[in-house]
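Below, read A as the first sequence line, B as the second, and so on, with proteins coming before strands; counting in each chain starts at 1. This structure is a prediction, so every number in the text was calculated from the model and none was measured.
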Amino acid sequence: MKILVCISKTPDTTAKIAFKNNNTQFEDAGVQWIINPYDEWYALVKAIELKEKDPSIVLHLITVGGADCDAIIRKALALGGDEAFRVDVESDDSYVIASQIAAFANKGNYDLIFTGKETIDYNGSAIGGMIAALLDLPYLSLSTQFEWNGTEAKVTREIEGGEEVDLVRLPAVISCQKGMAEQRIPNMRGIMAARTKPLKVITPIAVNALTHIVTYELPPAKAGVKLVPADDVAGLVKLLHEEAKVI
Amino acid sequence: MSVLIFIDHSDGHLKKASFEVASFGATLAKQMNTKANALVLGNVFDDLTQLGNYGINKIYQIQSDNFNHVDVKMFTSLIVQVVKQVDASVVLFSHSQTGKALAPGVAVKLNAGLVTGVCDLPKTNEGFIVKKTVFSGKAFAWVSVTSPIKVLTLNPNSFSVQIINENASVEPITVPIPNASVQVAATNKVTGEVPLSEADIVVSGGRGLKGPENWGIIEDLAHALHAATACSRPVADAHWRPHHEHVGQTGVQIAPNLYIAIGISGAIQHLAGVNRSKTIVVINKDPEAPFFKAADYGIVGDAFEVVPKLTAAIKEMQSK
């Protein structure tokens, strides 16, 4: 079995969100970069768990971006995986990113493609579904559990108002979220091993972007909190009813 | 050229998010001098013509017992065929579990630009530029879509429905139905609770509540307000509450009219999931809790004393 895990680089969850160049670019000065949490904690760790059960599994990682992604993909390799690939192109259009991954995956005969359910920067929730459509594969979105019995996968996924358990034959694309696996900390052996694991740079395919970000803006600042004394809950109810008009 | 709105229904019933996306689509269609039509897959018990109240013109429906589950590959193919048949140039979904599953594939098959998490009407006077939430609600991006067809998903609770009266008619539409791509073994629906993403009011508890046995005061307040309950990440991680209640950057992102945070300090990751709420109330015994800076109203006090009093005061107001 061959598994491909899609990895994205995102700002740390505590990063201050600001923009530069007339609000057209994310201000990355002083920002710590991490593996997108959904890609790391759920997609990657789940794939590693599968490989631990069946060491014959080939586990590849892929990212799309510039050389500044190499540190992140090495960090991912420190957790696990045999080999990593970086498609050398930058884009803010999900179709471009998904097309690069699909073109690579198409040549690799992967049985499973894992993605995180979304990235915490663009919040697109798009890459998994796009890869599946580009490769004409079943797509299991927002998955919380994955079991494989050798012929069929059993996938539990979040749906409107609950969850659904699906049986699917591979190959398939799975987007992963909480429940799939638990966060791991890379150990020293993993970090050392990651230094010598292959990281190959792939030439991108030609594909036109269908969207681009024009400008960013920050939400307006809050006017400031109105404090109500703890012994005057009736005062709070009155404010919520008459001023905020929310109850 | 027209706007086509995918109307999701839960077990045959129309939902609030579907009316929001219908109204958003109709308003956009008016702005673009065209018509808004809806697409419904499967059997629906509710009267579909009520979508006319939200400005929908035609409702295309494909009835089948095979559409009780959203099979992504099958639904994608059906939607794409309908879009081509009715010549739609904008395809809208709600940014729900269903919309997130379907919109990316539909966009790819139509060679259409996709913008998910849309939170305002697009600017259409010059090009097509859409506002969406990014950085988990900490910022917005205006995205230009350059393809002839556009696919958008609309954030729940981000567009106030407008009543535009149209006489909507249901029209059957025929397209080839592909095979299912997965076999559904089981479904577990949470019944009787208000779904978090659709709730107008959310009552949320954090570590300040000290343990799962103390959640009664949260639930009582939620019941009084017909609200959904939520929690912070440490609470879900400690298994005090189910994971699907975790709101924050790596949990559910919500935008209710009223968010009441009880015993939650307000870490930046938590704020990212809730800061689009219209009104935020914070109850915390620590006056230095960072959440007060993001709140509209606050009470510095012990949750175990304040919350039951608040529930009682709300019930009293409602009884008047």
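Residue contact with chain A, scored on non-hydrogen atoms closer than 4.5 Å, is absent for B/N155. Heavy atoms of B/D8 lying under 4.5 Å from chain A belong exclusively to its side chain. For B/I201, the part sitting under 4.5 Å from any heavy atom of chain A is the side chain, from C-beta outward, and nothing else. In this structure, chain A has no heavy atom under 4.5 Å from any part of B/E305. The part of B/H246 that comes within reach of chain A is its side chain, from C-beta onward, which places non-hydrogen atoms under 4.5 angstrom from that chain. Residue B/T153: no heavy atom, backbone or side chain, is found under 4.5 Å from chain A. Of the two parts of B/A112, only the backbone, made up of N, CA, C and O, holds a non-hydrogen atom closer than 4.5 Å to a non-hydrogen atom of chain A. Residue B/V70 touches chain A through its backbone alone, counting heavy-atom pairs closer than 4.5 Å. Residue B/S94: no heavy atom, backbone or side chain, is found under 4.5 Å from chain A. If you measure heavy-atom distances from B/K278 to chain A, the contacts under 4.5 Å come from the backbone alone.
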Going through the checks in order, is the side chain to side chain contact (heavy atoms under 4.5 Å, CB included) test met by B/W142 and A/I213? CA-CA 6 Å; B/W142 286 94; A/I213 294 175; over 6 Å; no

What verdict does the side chain to side chain contact (heavy atoms under 4.5 Å, CB included) test give for A/V165 and B/V184, after you've listed the backbone C-alpha separation in whole Å, the side-chain angles of each residue and the deciding distance to 0.1 Å? CA-CA 6 Å; A/V165 183; B/V184 178; over 6 Å; no

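Annotation: A/K154, atom NZ; neighbour count of heavy atoms from other residues, nucleotides and ligands within 6.0 Å does not exceed 12. Annotation for A/K20: atom NZ counts as buried by contact number, over 12 foreign heavy atoms lying within 6.0 Å. Within a 6.0 Å radius of CD in B/Q318, more than 12 heavy atoms belonging to other residues, nucleotides or ligands are found. Summarising the local packing, CG of A/N21 is surrounded by more than 12 heavy atoms from other residues, nucleotides or ligands at distances under 6.0 Å.
Here A/E217 pairs with B/K131 in a salt bridge; the nearest charged N to carboxylate O distance falls below 4.0 Å. B/D296 and A/K226 are not joined by a salt bridge, as no carboxylate oxygen comes within less than 4.0 angstrom of a charged side-chain nitrogen. Comment: B/K15 engages A/E160 in a salt bridge, judged by a side-chain N to carboxylate O separation of less than 4.0 angstrom. Ionic pairing of B/K138 and A/D121 is not present here: no N-O contact between side-chain nitrogen and carboxylate oxygen is shorter than 4.0 angstrom.
For chain B, the option among A/E118, A/K178, A/H241 with the highest count of heavy-atom pairs below 4.5 Å is A/K178. Chosen from A/P138, A/A132, A/S94, the residue pairing most often with chain B at heavy-atom distances under 4.5 Å is A/P138. Contact tally against chain B (heavy-atom pairs below 4.5 Å) for A/S175, A/A98, A/G129, A/G128: the top residue is A/G129. Top candidate by heavy-atom pairs under 4.5 Å with chain B, chosen from A/N208, A/D93, A/L218, A/L240, is A/L240. In terms of non-hydrogen atom pairs under 4.5 Å with chain B, the most contact-rich of A/I120, A/L137, A/V155 is A/I120.
Rounding to the nearest 0.5 Å places CG of B/N188 at 5.0 Å from CD of A/E163. Here B/I283 contributes atom CD1 and A/L236 contributes atom CG; the two are 6.5 Å apart, rounded to the nearest 0.5 Å. Going from atom CG of B/N257 over to atom NZ of A/K245 covers 13.0 Å, rounded to the nearest 0.5 Å. Note that OG1 of A/T215 is 10.0 Å distant from CD1 of B/I129, once rounded to the nearest 0.5 Å. Rounded to the nearest 0.5 angstrom, B/Q97 CD and A/R157 CZ are separated by 9.5 Å. Atom CD of B/Q269 and atom OG1 of A/T14 lie 6.0 Å apart (nearest 0.5 Å).
A donor-acceptor contact shorter than 3.5 Å links the side chain of B/T146 to the backbone of A/L210. No donor-acceptor distance shorter than 3.5 angstrom exists from the side chain of B/K100 to the backbone of A/S141, with no hydrogens or angles considered. At distances below 3.5 Å, not a single donor-acceptor pair connects side-chain atoms of A/N123 with backbone N or O atoms of B/G117. Looking at B/Y297, its side chain never comes within 3.5 Å of a backbone N or O of A/V237 through a donor-acceptor pair. A donor-acceptor pair is defined here as one N or O able to donate and one able to accept, closer than 3.5 Å; no such pair exists between the side chain of A/T211 and the backbone of B/G113.
Closest approach of B/L114 and A/A126 over heavy atoms only: CD2-CB, 3.6 Å. The minimum heavy-atom distance linking A/A133 with B/K109 is given by the pair O-NZ, 3.0 Å. Nearest heavy-atom pair, A/K222 versus B/A295, reported as atom, atom and distance to 0.1 Å: CD-O, 4.4 Å. Taking each heavy atom of A/Y139 and B/V72 in turn, the nearest pair found is O-CG2, 3.5 Å. A/W41 and B/T250 make their closest contact through CZ3-CG2, 4.2 Å (heavy atoms, listed as atom of the first residue, atom of the second, distance). When all heavy atoms of B/A139 and A/P219 are compared, the pair lying nearest together is CA-CD, 4.0 Å.
Taking the six-membered ring where tryptophan is involved, the planes of B/F135 and A/Y122 are tilted, since the angle between them lies from 30° to 60°.
Contact check for B/K189 versus A/I159: side-chain heavy atoms found under the 4.5 Å cut-off.
Across B/I299, B/V281, B/V306, a single residue satisfies side chain to side chain contact (heavy atoms under 4.5 Å, CB included) together with A/V228, and that is B/I299.
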